[in-house]
Amino acid sequence: MTRKVRVRFAPSPTGALHIGGVRTALYNYLFAKQHGGEFIFRIEDTDSNRFVPGAEEYIIESFKWLGITFDEGVSFGGNYGPYRQSERKDIYKTYVDELLAKGLAYMAFDTPEELEAKRTEIANFQYDASTRLAMNNSLTLSEGEVAQRLANGEKYVVRVKIEPGEEILVNDIIRGEVRINSSILDDKVLYKSSDGLPTYHLANIVDDHLMEITHVIRGEEWLPSAPLHVLLYRYFGWTDTMPQFAHLPLLLKPDGNGKLSKRDGDRLGFPVFPLEWHDPKTGEVSSGYRESGYFPEAVLNFLALLGWNPGTEQEIMTMDEMVQLFHLEKCSKSGAKFDYEKGKWFNHQYLQLKDNMDLAKQFRPTVQAKGFDMEEAQLAQIVGAVKSRVTFANELWDQTSFYFVAPTQYDEKAVQKRWKPETKNELGALVNYLKTMSDADFSSVELSEKLVISWIETSGYNMGNVMNPFRLSLVGEMKGPHIFDITAVLGKAETIRRIQTAIEKLG
RNA sequence: GGCCCAUUCGUCUAUCGGUUAGGACGCCAGGUUUUCAUCCUGGAAAGAGCGGUUCGAUUCCGCUAUGGGCUACCA
C-alpha cells in the first residue's frame, strides 16, 4: 500500500526565518504538490529558553509573502493537531514512558555540573554504554533510591539506551546508503523533567509518526542524528511506516568558508531573511528580501536552483513548472555558495516579465509620496521605457524622476564633452522649430522623432551636436530612454522650457 | 580530537565509461542604441592530488588533501 505523500516544514520559533530554511520549505512544497500530497507546518518549540516572541507570526507571514502554502498546521488547522510541540506535552510523555517501560531508555540524575566535570576530566567524553554505569541513573541506582529521588522532586532527564556494536543503515534519497555503527552514538537526552518537554529527537519522531509523515526533507545538519532517529523508529516498532529521508546540502557563505549566516548578509550587503526582522531582544533590524524590492517568485526561483536543477538549460521557471520538474534525486550533494549577484539577475528577469500597468499601479504611491501624480496609463508608458535598466521595483523613482522634476544641474563631464560653443544657437533654433509643431505631432513618439530628425538634417546640423545637448537639457545626464519617449510624455511646453533653462544655465 | 557528508570554470551547475567537458551569473571585447540600460556576437575560465579497475576514466574503487556538518538537559 502506498501512503499519501505528507511532508512537513518544522521550524523553531527562535528568530527570523533563514533563507536556507525557505529553500528547505520550498523543496518540501514542490515535492508535496508534485505528488498531490499534503504539506504540514509544525512549530518545534520544545526549547522554552530559546523562544522568541513574534517569530512564529514572522514565519507565517514570510510564507504568505512567498506564496508557499500549507495544507495543515499551526494557523492552518488540520486533523493531526495540535501542531505546536509545546501543546503536545502529554502525548510525548506517553511515549517516553513506553520507552522507559520497555527498558529502551532510562532516567539520569546527573547535574549539568557533574556532566561538565566529566567532560573536562575525560577527553571526548560521551554518555554511552561505556560510561553510563559510572553515572547517576536508573541503571546504576537502586529502585529505592530512584523512587526516593523522584519523591524529593529531583530533576532528571530520560536518555535513550543505545546498544553498542550495531550497524545502522540510513537510506537517503539524495545520498544513498549511509551506514554508521551504534557505538559512536551517545545516549541522547529525550526528555527533561524540568519543563516536562521532550528534546527535538523524541518530539520529531513521535510527531512525524503521528502526523503520518512519509518523507523527511531537511538540511544536511541533521544527517549525523539520522541514525538515532532510525533507531527510535525501531524502538517504537514503527519501522514499516518510517519516512524516507532526504538531506539537503547547505547554503554556504558567498566568500570564504562555512554556512551562510546573518552576519554574512550584513557584511556583504544582502538580506538573509525573507522579510525585514526586528529582533525583540536586541532591537536590531535586519533587512528582508521583500523590503529590498524583490519579487517573491524571483527569490523562490533563485533559491530553487541553489542545490537543484531540472537537468535542462531552463533557469526561469514558474512555481507550476518547478512543481512539475522537481526531483529530489536531482538535488546536488554538496553545499552551494550563495551568489547574490545571480539573485539580482533573477529579479531583473522577473521585472522585465511584469506587466507595465501592474508595475505602474505599484509605483504610483511612490510618485505621489514625492508630491507628484500621473495617471496609470501614462505611468505605465514611462515604466515601460525605463524598465530594462531597473533590477528592483524600488529603483523606478531614480530612473524616472526627470519625468517629474526638471534637471537643476547638469552632469559636468557630459557638459564638457557635449556642450559646444554653437550649441546655444542650435538649440535655440530647435526651440523655434518645436514651437511650430502641433501638440498632436509632439505627443506621438514616431511622428515627433521623424519631424525633428528631418529638421536637423535639412538645417544642416550635425545630428549628435543637437541630440546630445537636447538630452542633457531634458535629463541632466547622458542616460535614459529614447529622447522622443521622454518628450512625448513631457509635452511641448515643458520640453521647450527645459531647453531654454539649459541654454540660460550653460550658455 | 572523534564520526558523517562532500569535491567539474571565480560562483550555480550539465555530464548517468568514449564529448572540441555544455549552459547560466559575473568578468573582458565587439556590435546595436547618436546617451545609458537592454539586446546580439565573441572571448578568457574547470574535472583537487596519487594510485588502482578498464581497450578507455570527470564518471567506478581506494588513499591523501581540502571544504563542510555534527559532536548540548539547541533545533
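Side chains are part of it too, since the values below use all heavy atoms of this structure and drop only hydrogens, waters and symmetry mates. Convention: sequence-line order gives letters A, B, ...; per-chain numbering from 1.
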- Would you please classify the geometry between the A/Phe70 ring and the A/Phe63 ring as parallel, tilted or perpendicular, with 30° and 60° separating the classes? perpendicular

- Using the six-membered ring wherever Trp is involved, compare the ring planes of A/Trp397 and A/Phe363 and label them parallel, tilted or perpendicular (cut-offs 30° and 60°). tilted

Show me the donor-acceptor pairs within less than 3.5 Å that the side chains of residues 458-465 of chain A make with the rest of the protein, sequence neighbours left out.
from	atom 1	to	atom 2	distance (Å)
A/Thr458	OG1	A/Ser454	O	3.0
A/Thr458	OG1	A/Trp455	O	3.1
A/Ser459	OG	A/Trp455	O	2.6
A/Ser459	OG	A/Trp455	NE1	3.3
A/Asn462	OD1	A/Gly464	N	2.9
A/Asn462	OD1	A/Asn465	N	2.9
A/Asn465	OD1	A/Lys420	NZ	3.2

When you measure from the centre of the six-membered ring of [Y], is the NZ or CZ of [X] closer than 6.0 Å and no more than 45° off the axis?
| X | Y | result |
| --- | --- | --- |
| A/Arg149 | A/Phe109 | yes |
| A/Lys354 | A/Phe295 | yes |
| A/Lys93 | A/Tyr191 | yes |

By the 4.0 Å heavy-atom rule, please label [X] as base, sugar-phosphate, or nothing.
| X | answer |
| --- | --- |
| A/Pro249 | nothing |
| A/Thr111 | base |
| A/Ser225 | nothing |
| A/Lys330 | sugar-phosphate |
| A/Asn49 | nothing |

Reckon [X] has a side-chain N or O less than 4.0 Å from the OP1 or OP2 of [N]?
| X | N | value |
| --- | --- | --- |
| A/Thr199 | B/C73 | no |
| A/Asn309 | B/A14 | yes |
| A/Lys259 | B/C70 | yes |
| A/Ser388 | B/C39 | no |
| A/Lys344 | B/U11 | no |

- Query: Starting at the 5' end of RNA chain B, which residue's closest nucleotide do you reach first, A/Ile453 or A/Pro11?
  - Reply: A/Ile453

- Message: Let me spell it out: for each of A/Arg471 and A/Glu221, pick the nucleotide of RNA chain B with the closest heavy atom. Which residue's pick is nearer the 5' end?
- Response: A/Arg471

- Query: Is there a residue in residues 157-174 of chain A whose heavy atoms reach under 4.0 Å of RNA chain B, and which residues are they?
  - Reply: A/Val157, A/Arg159

- State whether the distance check finds a donor on one side and an acceptor on the other, under 3.5 Å, for side chain A/Asn124 versus base B/G2. no

- Query: Do A/Lys342 and B/A24 have a side chain to base donor-acceptor pair shorter than 3.5 Å?
  - Reply: yes

- Could you state the atom-to-atom distance from CZ of A/Phe302 to C1' of B/U11 in whole Å? 10 Å

- Over how many whole Å does the gap from A/Leu351 atom CG to B/C39 atom P extend? 12 Å

- Query: Hey, mind stepping through A/Arg42 and A/Glu44 against salt bridge (Lys or Arg N to Asp or Glu O under 4.0 Å) and telling me if it holds?
  - Reply: CA-CA 6 Å; A/Arg42 187 170 74 213; A/Glu44 307 218 329; 2.8 Å; yes

